[in-house]
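Below: one structure, written as structure tokens.
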Amino acid sequence: MTDGTTVGRASRQPLVAGIAAALAVLTLVAVGVLWLTSDRSEGATGTGTPKDTSAEAGFARDMSVHHQQAVEMSFIVRDRTSDEEVRRLAFDIASTQATQAGMLQGWLDMWGLDRTSEDPPMTWMKNASADGTDGTDGTDGTDGTDGTDGTDGTDGMDGMEGMDGMDHGSMKGMAGGAAYKPHDGSLMPGMATNTQLDELRKAKGKAAEILYLKLMTAHHRGGVGMAEGAVELVKDPTEKHLAQTMVQGQQSEIQLMADMLKARGASS
């Protein structure tokens, strides 16, 4: 006999994915109009289109990948708990970040640029450092974002403690992101490792809720650092505005998740 709960969950996933996809299409159309009518004369080619090595292109590529993992984690936890508060948060995060990833990839298509690059993640920040546009103070990644502070995998939360060292709102934090060392599938600051994702898939109930909230808090902190870097470096006004929106939205969700963790007897 088929488990009704399993069938119910399976039937909900296409619905959630369909809603997120529809939101992405509608938002991309609106943003496309804004992008085409905006002034993009700085940091671009002679036609006003960002270059392949630009901060615009690099941020679009990297944040798309970063967002895709947040969507994946949110789908996982929705099947590991029946708690409506966590499931609602997961749906909101999945919908928002799927939409934003679609916008970023759509811009790459409009610019005639590949959605992927052979360059390592965060290269756009390194390029900015080489150009002298992000300062020289603290660019060695020794502020806890280089995997030497709390990123050794202890307690299955590797890569999370080190994110606290990011100096958000400054070029120092941006440079730390550029120095991040990918490991176990964690390609950029805040991203969960393959080991952590496996743990989330196995967890149930309250344990899954706490693990998801901790992983997503770290994920958001890394995303905020990247988005703040884009606000500093990106010249395209529409993409800059989206990056600022990410900073504000994810900072708000970080506080919300701290409250949710506290209610469950845990801390971020």
Side-chain angles (χ1 to χ4, degrees), residues 16-38 40 42-75 93-128 174 177-178 180 182 185-194 197 219-220 222-247 249-250:
V16 174
I19 293 173
L23 287 171
V25 171
L26 291 173
T27 306
L28 182 57
V29 171
V31 172
V33 173
L34 290 173
W35 184 85
L36 290 171
T37 57
S38 62
R40 300 174 303 283
E42 297 185 51
T45 65
T47 60
T49 302
K51 301 176 182 178
D52 189 65
T53 57
S54 66
E56 284 83 356
F59 176 68
R61 290 171 178 138
D62 283 353
M63 192 56 84
S64 292
V65 174
H66 205 272
H67 273 17
Q68 286 164 6
Q69 188 186 70
V71 173
E72 179 184 6
M73 289 195 295
S74 297
F75 276 117
I93 290 175
S95 299
T96 299
Q97 299 213 10
T99 299
Q100 291 174 345
M103 292 162 61
L104 294 167
Q105 292 172 355
W107 285 333
L108 289 167
D109 290 344
M110 286 193 294
W111 297 333
L113 302 176
D114 292 336
R115 293 188 178 188
T116 59
S117 172
E118 294 182 357
D119 292 331
M122 316 299 288
T123 298
W124 56 282
M125 287 187 175
K126 297 176 184 178
N127 289 342
M174 242 179 40
Y180 185 79
S186 177
L187 302 178
M188 286 167 272
M191 288 187 69
T193 63
N194 292 329
L197 291 177
H219 200 275
H220 272 22
V224 167
M226 291 171 62
E228 287 179 335
V231 171
E232 293 279 357
L233 297 174
V234 164
K235 302 300 182 183
D236 182 276
T238 309
E239 188 174 14
K240 184 187 290 285
H241 176 71
L242 176 62
Q244 185 60 53
T245 298
M246 291 178 185
V247 172
Q250 293 191 30

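Below, all heavy atoms of this structure are taken into account, side chains as well, without hydrogens, waters or symmetry copies.
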Legend entry - Side-chain donor/acceptor of Q105 to backbone N/O of S64, under 3.5 Å: no

Inset, instruction - Please check if the side chain of S186 supplies one atom and the backbone of M191 the other of a donor-acceptor pair under 3.5 Å. - result: yes

Inset, instruction - Measure the CE-NE2 distance between M246 and H241 for me, rounded to the nearest 0.5 Å. - result: 11.0 Å

Legend entry - Smallest separation among heavy atoms of A192 and H219, with atom names: N-CD2, 4.5 Å

Legend entry - Listed partners of E72 passing side chain to side chain donor-acceptor pair (under 3.5 Å), at least two apart: R201

Inset, instruction - Could you tell me whether the side chain of M122 reaches within less than 4.5 Å of the side chain of M226, counting heavy atoms only? - result: yes

Legend entry - Heavy-atom side-chain proximity of T49 to L113 below 4.5 angstrom: no

Legend entry - Among T123, T116, L108, the one residue meeting side-chain contact (heavy atoms from CB on, under 4.5 Å) with R61: L108

Inset, instruction - Please identify each residue that fulfils side chain to side chain contact (heavy atoms under 4.5 Å, CB included) with D109, with sequence neighbours left out. - result: R115

Inset, instruction - Step by step, work out the side chain to side chain contact (heavy atoms under 4.5 Å, CB included) result for W107 and T238. - result: CA-CA 10 Å; W107 285 333; T238 309; 3.7 Å; yes

Legend entry - Set of residues satisfying side chain to side chain contact (heavy atoms under 4.5 Å, CB included) with respect to A55, sequence neighbours excluded: W124, L233, V234

Inset, instruction - Applying ring pair (Phe, Tyr, Trp, His ring centres under 6.0 Å), name anything that partners H67, two or more places apart in sequence or on another chain. - result: none

Inset, instruction - Check whether any side-chain N or O of Q244 sits under 3.5 Å from a backbone N or O of V231 as a donor-acceptor pair, and report yes or no. - result: no

Inset, instruction - State, yes or no, whether a side-chain contact exists between E56 and W111 at a heavy-atom distance under 4.5 Å. - result: yes

Inset, instruction - With the side chain counted from C-beta on, respond yes when L242 and F59 share a heavy-atom pair under 4.5 Å apart, and no when they do not. - result: no

Legend entry - Pairs flagged by salt bridge (charged side-chain N to carboxylate O under 4.0 Å, His left out) wherever residues 96-107 is involved - sequence neighbours left out: none

Legend entry - S54 to P50 - nearest heavy-atom pair and separation: OG-CB, 3.5 Å

Inset, instruction - Could you tell me which non-hydrogen atom of Q97 sits nearest to which non-hydrogen atom of Q250, and how far apart they are? - result: NE2-NE2, 3.7 Å

Legend entry - H220 vs I93, side chain to side chain contact (heavy atoms under 4.5 Å, CB included): CA-CA, chis, key distance, verdict: CA-CA 10 Å; H220 272 22; I93 290 175; 4.1 Å; yes

Inset, instruction - Report yes or no: does D62 contribute a side-chain atom to a donor-acceptor pair with the main-chain N or O of P121 at less than 3.5 Å? - result: no

